[in-house]
Amino acid sequence: MKIYNTLSKSKEEFIPLKEGEVKMYVCGPTVYNFIHIGNARPMIVFDTVRRYLEYKGYHVQYVSNFTDIDDKIIKRANEEGVDASRISERYIKECQKDMEGLNVEQATVNPLATQEIDGMLQMIRILIEKGHAYRAGDGTVYFRTKSFKEYGKLSHKNLEELQAGHREIKVAGEGAKEDDLDFVLWKPKKEGEPYWESEWCEGRPGWHIECSVMAKRYLGDEIDIHAGGEDLIFPHHENEIAQSEAANGKPFAKYWMHNAFLNIDNRKMSKSANNFFTVREISERYPLQVLRFFMLSAHYRSPLNFSSELIESSKNGLERILTAVDHLTYLLKEKEVSKCTEKERQTLLQAEEYKKKFETAMEDDFNTADAIAAIFELVKFVNTNSSAENSAEYLQALKDMLVLYCGILGIIAERKEELLDEEIEALIQERQLARKEKNFARADEIRKELIEKGIILEDTREGVKWKRS
């Protein structure tokens, strides 16, 4: 299995620190509003990475945080006249609802920044003791960037170039820095802000220290995979490396994975451009499984463009897969238990080729686009090689293949069984009788009536099937 490592800018063979185990940290959202579809991409991508690693037999410890203290959260709280904790608690719950809709598995741990303050204070003390951090006059604590000789190794930025191109931003309440490149570990409170006690001042942590501490507490000094959106490479992940390695004296993460940006109609998503969509808004128009399928239809390191046409295409593509599974479910419904024939066993061996294609795609840096292509090939194979004449064992094996590969991608291939109410059942029966009596006008009327009720009928050689529109 190969993973593209941002650190080396190359694909590397995946070899975990400890055989059979994977420690994985993914930067989570800042919870001040509903999550947008840009937030959804790393959630879906790295959930899929985790699922595949588990499919290959690894025990995965998966940690993804919530940033529950931040300027945006404080601003929202002040606007509503409530505590910042009320805002973060509200939107953590809403985020979890959206994640459930996207079929994102629950993390091993979802730590909250505000519950890890003691660990942050401890790491800052260590950094000061080692000469990697210092306190300014007003109580601000800065990381001494040039004390970490490998700074820039993740973003591949040169310190001298950074220094030459740097334009210092003056922030009210921050003390003087030794160097413009130094970044905040702890900052004094402002009027009306939440704060914690420390030996430097009453204040709160800088953003970067939060993830370093949460990764250390729940996964240890060294982890296998650290992941997030490519916008986090610099400065967030670069600063995490500097803090963690300076404090712990060990390499922080072996593999760094980053997903590319999401654009809307070929433009960067922004509220000012009126092309900003939350996951909740999309859920009002499409099942969130469609959004997940769309996100996986491109390689995670490729920029992805969201548009009405492309999401409709994903909806249709997903429907092809679900319909194939529906067809197998229908064939199995009235089927008596029966074993595979020799011919069917040979056909199933042919179907195994799609498993190889699927796994080859996923093991080449988690190429979900090619993995989905392999599933589509399997769908075509299933549609061509299944009928009411086949044995139950054979049909079940084909169905299990489709459900398994979709499940590895987090796609739910089996629809929940839906029951028709008595009125609709009666209409279907009446239509069948009308057709038998050659009253085709009435049969057509009933079909139209059912369409209005959201029921689509399909007349097949195996009988009448239905699905919701």
Side-chain angles (χ1 to χ4, degrees), residues 28-48 64 66 72-73 76 79-80 86-106 229 259 261-298 303-323 325-326 368 372 406 409-421 424 450-456 466-469:
T30 300
V31 281
Y32 67 98
N33 207 334
F34 292 103
I35 60 169
H36 54 71
I37 56 176
N39 299 135
R41 191 176 194 191
M43 290 177 178
I44 292 166
V45 163
F46 300 117
D47 174 70
T48 304
S64 186
F66 288 114
K72 292 178 180 177
I73 295 171
R76 184 71 181 260
E79 289 170 351
E80 295 191 16
R86 290 277 296 278
I87 299 297
S88 57
E89 287 168 7
R90 178 197 308 166
Y91 288 110
I92 285 171
K93 288 178 182 177
E94 297 299 341
C95 178
Q96 289 170 333
K97 287 180 187 176
D98 289 338
M99 290 169 76
E100 183 178 353
L102 292 166
N103 198 27
V104 172
E105 287 187 334
Q106 189 171 350
N259 64 275
F261 287 119
L262 177 74
N263 295 319
I264 310 292
D265 295 322
N266 294 308
R267 293 185 300 165
K268 183 179 179 180
M269 183 171 64
S270 70
K271 290 182 179 178
S272 60
N274 199 30
N275 66 345
F276 182 92
F277 298 112
T278 66
V279 170
R280 193 63 54 88
E281 287 170 334
I282 297 299
S283 72
E284 293 170 0
R285 297 171 54 194
Y286 298 96
L288 288 181
Q289 282 285 286
V290 174
L291 182 59
R292 183 176 183 115
F293 188 82
F294 165 77
M295 293 287 187
L296 298 177
S297 64
L304 183 58
N305 185 51
F306 181 95
S307 68
S308 297
E309 293 77 17
L310 291 172
I311 198 75
E312 279 292 335
S313 176
S314 291
K315 179 185 175 184
N316 295 334
L318 178 58
E319 185 61 29
R320 279 175 57 198
I321 296 169
L322 301 184
T323 299
V325 176
D326 286 346
T368 54
I372 287 173
C406 288
L409 299 182
I411 301 297
I412 302 169
E414 288 190 276
R415 300 186 219 254
K416 291 181 180 177
E417 188 171 352
E418 298 177 82
L419 300 176
L420 299 176
D421 61 28
I424 295 174
L450 287 170
I451 288 173
E452 290 173 2
K453 294 179 181 293
I455 304 298
I456 297 174
W466 66 271
K467 64 181 179 180
R468 294 199 180 275
S469 60

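Along the sequence shown, residues are numbered consecutively beginning with 1. The structure displayed is predicted, hence computed values, not measured ones.
- A donor-acceptor contact shorter than 3.5 Å is absent between the side chain of Ser313 and the backbone of Glu309.
- In this structure, Phe277 and Phe306 have tilted ring planes: the angle between them lies in the 30° to 60° band.
- Side chains of Ile411 and Ile372 form no contact here, defined as non-hydrogen atoms less than 4.5 Å apart.
- Inter-residue side-chain proximity for Ser88 and Tyr32 is flagged as unmet; no heavy-atom pair is nearer than 4.5 Å.
- Counting non-hydrogen atoms of neighbouring residues, nucleotides and ligands closer than 6.0 angstrom, the CD atom of Glu281 exceeds 12 such neighbours.
- Contact annotation: the side chain of Met43 never approaches that of Asp98 to less than 4.5 Å [non-hydrogen atoms, C-beta and beyond].
- Atoms CG and CZ, from Asn33 and Arg90 in turn, are 9.0 Å apart once rounded to the nearest 0.5 Å.
- A side-chain donor-acceptor contact under 3.5 Å links Asn39 to the backbone of His36.
- For the pairing with Arg292, the side chain to side chain contact (heavy atoms under 4.5 Å, CB included) check across Leu296, Leu288, Val290 returns one residue only, Leu296.
- The shortest side-chain heavy-atom distance between Phe294 and Leu310 falls under the 4.5 Å cut-off.
- Taking each heavy atom of Pro42 and Gly38 in turn, the nearest pair found is CD-O, 3.2 Å.
- Considering every non-hydrogen atom in both Ile35 and Cys95, the closest pair reads CG2-SG, 3.7 Å.
- Between the Arg267 side chain and the Asn275 main chain, no donor and acceptor come within less than 3.5 Å of each other.
- A side-chain donor-acceptor contact under 3.5 Å links Arg41 to the backbone of Phe261.
- We find the CD-OG distance between Gln106 and Ser64 to be 11.5 Å, quoted to the nearest 0.5 Å.
- Taken from CG in Leu102 to CD1 in Ile44, the straight-line distance is 4.5 Å, to the nearest 0.5 Å.
- Annotation: the span from Leu304 atom CG to Met295 atom CE amounts to 6.5 Å, rounded to 0.5 Å.
- Closest approach of Ile321 to Cys406, counting heavy atoms only: CG2-SG, 3.6 Å.
- Within the 4.5 Å cutoff, no side-chain heavy atoms of Leu322 are placed close to those of Gln289.
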Hey, mind stepping through Glu100 and Lys97 against salt bridge (Lys or Arg N to Asp or Glu O under 4.0 Å) and telling me if it holds? CA-CA 5 Å; Glu100 183 178 353; Lys97 287 180 187 176; over 6 Å; no
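- Atom CG of Leu409 and atom CG of Asn103 lie 11.0 Å apart (nearest 0.5 Å).
- The nearest pair of heavy atoms linking Asp265 to Ser308 is OD1-N, 4.5 Å.
- Separation of atoms CG (Asn305) and CG (Leu262) is listed at 7.5 Å; rounding is to 0.5 Å.
- Looking at every heavy atom in both residues, Leu318 comes nearest to Phe293 through N-CE2, 3.8 Å.
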For Arg415 and Glu319, run salt bridge (Lys or Arg N to Asp or Glu O under 4.0 Å): C-alpha distance rounded to whole Å, both residues' side-chain angles, the deciding distance at 0.1 Å, then the answer. CA-CA 11 Å; Arg415 300 186 219 254; Glu319 185 61 29; 2.6 Å; yes
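- Summarising the geometry of Ala298 relative to Thr368, their closest heavy-atom pair is O-OG1, 3.5 Å, with the distance given to 0.1 Å.
- Note on Arg76 versus Glu80: salt bridge recorded, some NZ/NE/NH1/NH2 to OD/OE distance being below 4.0 Å.
- Counting heavy atoms from C-beta on, the side chains of Phe46 and Asn259 come closer than 4.5 Å.
- Of the possible donor and acceptor atoms, none in the side chain of Asp47 sits under 3.5 Å from a partner among the backbone N and O of Val104.
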